[in-house]
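To start, the structure under review is shown below, and the notes come after it.
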Amino acid sequence: WKAQDGKLWFATTAGLAIIDPLHIRSNEVLPNVQISDISLDGKHQATIENGMRLGPGGGNAEITFQAPSFVAPERMQVRYRLAGVDRDWIDVGTRRSATYSNLGPGKYRFEVKAANNDGRANKDPTSLDFRILPHYYQTYWFRGLCALCLGLLVWRIYLSRVSYLVRKTQQLETIVSQRTAEVRAALFVA
């Protein structure tokens, strides 16, 4: 029943309950999001810090985070994104981890935001900057070395072909000069 002063009266098994909608307290405590673990290809990192280096590895990363709340934790809104990989924020529901596969070598920034049961959230997301190191065959110097080797191979094939053609030309010149000498000898004899 709604009273004239705006209070709501409910009958319960224990008696009457009164709720005053004008005096409902909202949850002012903002959630404190923490990134608790990161692993690359199943290898967990001992310490979590900005600028950390992972790998080299296959690019399968799992990031675990926490957003503890003592007031209606099931109503918390948690979302994350990996800058440069995710186009938009991803809502996680009750899950507290993010999984990515086939991440290439490079720098990444993982961000997490949480809002309490009343929708109040921190303005700035909690973030973690990390870098996945390349395998030796994914580095620029290795690719440059392969390009250099390929260039040297092509150059060697070119020189070999030129040398072959010079030898063939010399053989043909020798044969032509021999035939010319035979023809001159035949003309002077006759």
Side-chain angles (χ1 to χ4, degrees), residues 33-67 78-114 123-190:
V33 180
Q34 300 167 350
I35 298 173
S36 58
D37 187 32
I38 184 169
S39 64
L40 182 68
D41 298 329
K43 297 176 187 171
H44 296 278
Q45 299 302 309
T47 59
I48 305 299
E49 58 188 26
N50 271 331
M52 63 191 304
R53 295 177 175 200
L54 306 173
N60 298 322
E62 183 176 4
I63 303 169
T64 307
F65 46 89
Q66 304 168 8
V78 181
R79 46 194 195 147
Y80 67 85
R81 73 175 172 187
L82 187 59
V85 175
D86 296 325
R87 287 183 161 185
D88 208 0
W89 290 92
I90 299 170
D91 291 322
V92 296
T94 58
R95 215 171 16 103
R96 294 297 180 256
S97 67
T99 305
Y100 293 94
S101 60
N102 298 326
L103 291 177
K107 294 181 181 180
Y108 295 96
R109 181 180 188 86
F110 182 75
E111 298 175 328
V112 184
K113 280 185 177 182
K123 292 180 182 177
D124 298 326
T126 300
S127 63
L128 173 67
D129 295 319
F130 63 95
R131 180 177 181 180
I132 297 179
L133 299 174
H135 289 280
Y136 73 91
Y137 54 84
Q138 294 173 318
T139 59
Y140 290 118
W141 65 265
F142 181 79
R143 290 177 181 168
L145 185 62
C146 288
L148 178 66
C149 288
L150 181 63
L152 289 174
L153 178 65
V154 168
W155 179 251
R156 180 64 188 140
I157 290 171
Y158 170 76
L159 289 179
S160 167
R161 180 71 177 156
V162 168
S163 174
Y164 171 77
L165 291 175
V166 167
R167 277 196 317 271
K168 279 298 193 182
T169 302
Q170 289 173 347
Q171 287 175 355
L172 286 174
E173 286 176 355
T174 305
I175 292 172
V176 167
S177 65
Q178 286 176 356
R179 301 279 189 232
T180 305
E182 289 174 4
V183 169
R184 282 189 185 155
L187 285 176
F188 288 118
V189 174

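Just so it is clear, the model here is predicted, and its values are computed rather than measured.
Arg96 contributes a side-chain N or O that, together with a main-chain N or O of Gly93, makes up a donor-acceptor pair within less than 3.5 Å. Remark: side-chain polar atoms of Arg95 are paired, donor with acceptor, to backbone N or O of Ser97 under 3.5 angstrom. Without hydrogens or angle criteria, Ser163 side chain to Leu159 main chain gives no donor-acceptor distance under 3.5 Å.
Here the straight-line distance linking atom OH of Tyr100 with atom CD1 of Ile132 works out to 11.5 Å at 0.5 Å rounding. With values rounded to the nearest 0.5 angstrom, Gln45 atom CD is found 10.0 Å from Phe130 atom CZ. Within the model, atoms SG of Cys146 and CG of Leu148 stand 9.5 Å from one another, a figure rounded to the nearest 0.5 Å. The line from CG of Asp37 to CD of Gln66 is 10.0 Å long, rounded to the nearest 0.5 Å.
Residues Phe110 and Val112 form a side-chain contact, since some pair of their non-hydrogen atoms from C-beta on lies under 4.5 Å apart. Arg156 has its side chain out of reach of Leu152: every pair of non-hydrogen atoms, C-beta onward, lies at least 4.5 Å apart. Between Tyr108 and Val85 there is a side-chain heavy-atom pair separated by less than 4.5 Å.
In terms of heavy atoms, Glu49 sits closest to Leu128 at O-CD1, 3.5 Å. Between Ala114 and Val33 the shortest heavy-atom distance is CB-CG2, 3.4 Å. When all heavy atoms of Ser127 and Asn50 are compared, the pair lying nearest together is O-OD1, 3.7 Å. Considering all non-hydrogen atoms of both residues, Ala98 and Phe65 come closest at N-CE2, 4.0 Å.
By the salt bridge (charged side-chain N to carboxylate O under 4.0 Å, His left out) test, Arg179 pairs with Glu182, sequence neighbours left out. Partners of Trp155 according to the side chain to side chain donor-acceptor pair (under 3.5 Å) rule, which considers only residues two or more places apart in sequence or in another chain, do not exist here. Asp41 is linked by a salt bridge (charged side-chain N to carboxylate O under 4.0 Å, His left out) to nothing, counting only residues two or more places apart in sequence or in another chain.
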One pair to check against ring pair (Phe, Tyr, Trp, His ring centres under 6.0 Å): Tyr137 and Phe142. What are the steps and the verdict?
CA-CA 6 Å; Tyr137 54 84; Phe142 181 79; 7.1 Å; no
Going through the checks in order, is the side chain to side chain donor-acceptor pair (under 3.5 Å) test met by Tyr80 and Asp91?
CA-CA 7 Å; Tyr80 67 85; Asp91 291 322; over 6 Å; no
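Residue pairs meeting the salt bridge (Lys or Arg N to Asp or Glu O under 4.0 Å) criterion with at least one partner in residues 142-153, sequence neighbours excluded, are absent. Sequence neighbours left out, not one pair with a member in residues 164-173 passes salt bridge (Lys or Arg N to Asp or Glu O under 4.0 Å).
Residues Glu111 and Lys113 are not paired through a salt bridge, judged by the lack of any N-O separation under 4.0 Å between the basic side chain and the carboxylate.
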For residues 52-64, run the donor-acceptor check on the side chains, cut-off 3.5 Å, and write out each pair with its distance to 0.1 Å, sequence neighbours left out.
unit_1	atom_1	unit_2	atom_2	d
Asn60	OD1	Asn102	N	3.4

